[in-house]
Every structure is written in structure tokens, then in C-alpha cells.
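Quick caveat, the model's predicted, so the values are computed rather than measured. When reading the values below, keep in mind they use all heavy atoms of this one structure, side chains included, and skip hydrogens, waters and symmetry mates. Just so we're on the same page: letters track the sequence lines, and every chain starts at 1.
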There are 2 protein chains.
Amino acid sequence: MANLFENISEKNILKLKRILSANTVKYKKNVNILSNVNQDNFIALVDSGSVQFIFNDYDGNKTIIEELNSGEMFGNLISNITSEEITCITKEDTQITYIEFDEITNDEIIKNDFYIIFIKNLIKLLTDQLTTRNNRIELLTKRSTRDKILAYFKNESQKKGTKKFNMPMTFTELANYLSVDRSAMSREIKYLKEEGFIEVNGKRITIKY
Amino acid sequence: MANLFENISEKNILKLKRILSANTVKYKKNVNILSNVNQDNFIALVDSGSVQFIFNDYDGNKTIIEELNSGEMFGNLISNITSEEITCITKEDTQITYIEFDEITNDEIIKNDFYIIFIKNLIKLLTDQLTTRNNRIELLTKRSTRDKILAYFKNESQKKGTKKFNMPMTFTELANYLSVDRSAMSREIKYLKEEGFIEVNGKRITIKY
DNA sequence: AAATTAATGTTGCATTTGCAACATTTTACA
DNA sequence: TGTAAAATGTTGCAAATGCAACATTAATTT
């Protein structure tokens, strides 16, 4: 995953962060950080660790809207976090750097020649996130649980370039990601195994068609 | 919707387009333009008209991945259009401007003082698109057709700031957008009417709760 | 204005799915 | 390392959904 400070020297990163008035905060695991991010026009960089945006349904269902790992970014400018039902939880110990969005084009910063690199990195990050969203939408629009599972496996397989790969998340998380009932998904995977489409050993998936 | 050339004078827009080697193409209605966009690292601006990205399922189902209107942008850097099953169709007569992505930071362009405005516009466009995607994901992850419909209506209502509003698309398109069977959605809307949650007169929706 | 095409409304039926309620296994952590 | 918590597997059942096949209405095109 792209990094906002890629190809910028340590010295210049420090300078950049100072010019941007960047604010770095450390969080413990399983902490709700949304209270900290409920303000306008900022971006938040996940320096290390990971966070999950979870939608809490009125009848107790939880849906993972998205999961962001080290190097990724979010912000209410970007995520449009409006509903109170959405919480942002750290999955592990996590460090986050906050930057006011308007600072990104402030007078001082544009004098530096690393600015172009920074902007390129930022645009790359945004387009990567768009790609991530598009991929998920493509899965979510599949008509059946079976099609969602198969499409997900196909994607993973293509990403890894092999028909054998390890699931990067738990089945419980996958069910959330695909927005289907976990037990129904488990049942469907059983059928797929029985019908010889896939093999499953723990997190190891083998596509057989 | 934001525009890539907002707050830039006509004169400078022309200059910008020249420096970017922008290439403008006009299309008739219902034309498949994907063949033109199947190359690396470009962005495409919808100057006028609109296009739809449609996923053609192996068993004949069509799903609208996204619809882009005047002022919006796409590109394989952004949309990650890889599958051959996806086509991009003009919904009406449409004009599109293509820009090579690498040109965005070329040597000549960064000398101009309208460059910062351009970059701000670009980032705004990207974050707007991310917001659009996030909104759709939030709808798609709803467990039931009923919840999807209600969430969609609630969103539209909030956007317009009133409990009475006109649907900006047909019900057929809405079914695609929410990725549910059209007739099943029609049935569910009937139930919602019967139970007094909503009123429907043609495209005019009234939320009654 | 007539004709063609697209959109909408409806309903029976088979299938899929969510839900609940478990037992079992794996993982995390005190 | 022992215990608590999380993940996984399974299944019956009711409800939701997709599908197909229509009739009807609205919109577009010529």
C-alpha cells in the first residue's frame, strides 16, 4: 500500500509534518477513536496498526464498512462519516497522524520541491482507496452469497497470482466484508467444497476450477 | 459536483489543457467507450453528458457499477477496470476529455500559479468520488431489501433537506444500484406503502415516519 | 400520431438466506 | 499454561428474495 511520505527523506518528512502542523496520537488496542476525529476537513494517516469502521445496526448487527491498515488514510472529508451509528475502533495498538486538510496547500509548503512528490503520493493514496472501494462494490453487487464468495476467491487468487492462497482475514470478517450471514456463508462454503469447486484447509484456499 | 477546472479562468483552462496534452472526444448516445479507455494511467473527465459502468454477469444480469455525470471523472488508475465483463456506455451524447495521469505533475505545469487550484480541484474530485462509493457501500451492506430502500430514501431526504423529494433515477436503475431484483424491490415498496412508511406518486417520494 | 421500446406493477413458486441455538475448535492473554 | 474469548461448523425453520411470466402504463422515436 502506498505511503503518503514515500520517496521523501526523513529530514523532509519532519519538515513537512511541521509545516502541515501534523498531530500524531497513539492509541491502545480496541479503542474507539471516532470521538477524536469528529471534526471537519482533516485527513488521518494510519502510521502503524489498523482501524475498523463499524456500522452498528439498530438491531444489533455489526457491519465492517472498511478496514484501514498501516499506510492508509481516512478523514471525514473522505469518509463522510456522518451517522452516529458508525464507530472507528483500533484493531491493535495504533498510531495515527492527523493533518488539517487546508494545510495541504498552505503558502509555506508549496515552496518546497518535495511538494510535488507529496501531492503525487496523496493522489496515489486516494486512487488506491477508490480502487479498494470499487472492488468491494463489485463483490457486494453479486446476486448470491455463492457468487460473492467465488468472486472474492477469484480476486484474491488473481492478486496472488496462484490458485492456492491464504485468506488475509477470518471467515467471520469475510462474512462482514461480503455483508452476508456468517453461518449462511459457512454453509455455502461447505457446498462449494462438496461440489469440488474449492478446497479449504484452515485459512488456506485452493481454487479447483 | 466539483469540477476539475473550477476557479480557473477560461484562458488558463485552455493553457492547462494544452500543457496536459488533453484530448477531447465526443460520443453519441448508447456508445460503448471502454475500448477507448483501455490503456494505463489516464483520467477521463465527463465534460457533458453521462456514462454508466455496467457489469455483465455470465448469466445475463446487468449491474450498474457506477454512473458518472457531467463534471465527474474516471480512469483505470481510479476505477481499476480490469474485467472484460465491464462495459462503459454513454447514456446520452457525451463529451469526454482524456488526460495522461503522469502529465499532471509535468515540469511545465508546476510553474503556473493556477496549478495549486488545479491540484485542489483534483483532490476534491477524488474525495467526492470516495464519498460516493462509501455511501453506496453503506447501502449495499444493509441486510435486507427493505433496509436498503429505507436507507436510500433517508439519504436522499437528508440530501434534499425535506421529507418529500423526487427520485433522481428510475426504479429499475435503483434496483440495480441497490443490487436487488427489481420485482422484489417493487413488492417491498408496495409493503412499505401499505404499512404507511412512505408515499409514492410516480417519482415523488414522501417519507412518513 | 402511431409504433416501438422501456419502465412499472403483480404474483406464484422454488430457492436462498438470515436467524437462532448449539457444539467444537482455535486463539489470545493474564 | 490454564482460562476466557473468539472463531468455526452445523442445522432446522421461517422469512426474504430471485426468477419467470405476465399485463399495464409511460416514454421515446420516427
Answer yes or no: is there a donor N or O on one side and an acceptor on the other, between the side chain of [X] and the main chain of [Y], under 3.5 Å?
X        : Y        : value
B:Thr141 : A:Ser179 : no
A:Arg136 : A:Tyr177 : yes
B:Ser70  : B:Gly49  : no

With nearest nucleotides of DNA chain C determined for B:Met169 and B:Ala184 from heavy-atom distances, which residue corresponds to the more 5′ nucleotide?
B:Met169
Using heavy-atom distances to pick each residue's nearest nucleotide on DNA chain C, tell me which of A:Tyr191 and B:Ser186 is more 5'.
B:Ser186
Whole Å only: how far is the [atom1] atom of [X] from the [atom2] atom of [N]?
X        : N      : atom1 : atom2 : result
A:Lys193 : D:dT8  : NZ    : C1'   : 10 Å
B:Asp147 : D:dA16 : CG    : C1'   : 12 Å
B:Gln52  : C:dA6  : CD    : P     : 13 Å
B:Met167 : D:dA27 : CE    : C1'   : 16 Å
A:Asp93  : C:dA28 : CG    : P     : 14 Å
A:Lys190 : C:dT24 : NZ    : P     : 16 Å
A:Arg204 : C:dT26 : CZ    : P     : 18 Å
B:Asp181 : C:dT10 : CG    : P     : 15 Å

Base, sugar-phosphate, or nothing: which does A:Thr145 touch, judged by heavy atoms less than 4.0 Å apart?
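If one applies the 4.0 Å heavy-atom cut-off, A:Thr145 turns out to touch the sugar-phosphate alone, with no base involved.
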What contact category does B:Lys148 fall into here, base, sugar-phosphate, or nothing, at under 4.0 angstrom with non-hydrogen atoms?
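Here B:Lys148 touches no strand at all.
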Is any side-chain heavy atom of B:Ile13 closer than 4.5 Å to a side-chain heavy atom of B:Phe114?
no
Any non-hydrogen side-chain atom of B:Glu156 less than 4.5 Å from a side-chain atom of B:Ile205?
no
Nearest to the side chain of [X] - [options]?
X        : options                : value
A:Thr170 : D:dC13, D:dT17, D:dT8  : D:dT8
A:Lys203 : C:dG18, D:dT8, C:dA28  : D:dT8
A:Ser144 : C:dT10, D:dA16, C:dT17 : C:dT17
A:Arg143 : C:dG9, C:dG18, D:dC19  : D:dC19
A:Glu188 : D:dG18, C:dT17, C:dG18 : C:dT17
B:Thr172 : C:dT11, C:dT8, D:dT8   : C:dT8

Quick one: the side chain of B:Arg182 and the base of C:dG9, do they pair up donor-acceptor inside 3.5 Å?
yes
With distance as the sole criterion, do the side chain of A:Ser183 and the base of C:dA20 form a donor-acceptor contact below 3.5 Å?
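A donor-acceptor contact between them is present.
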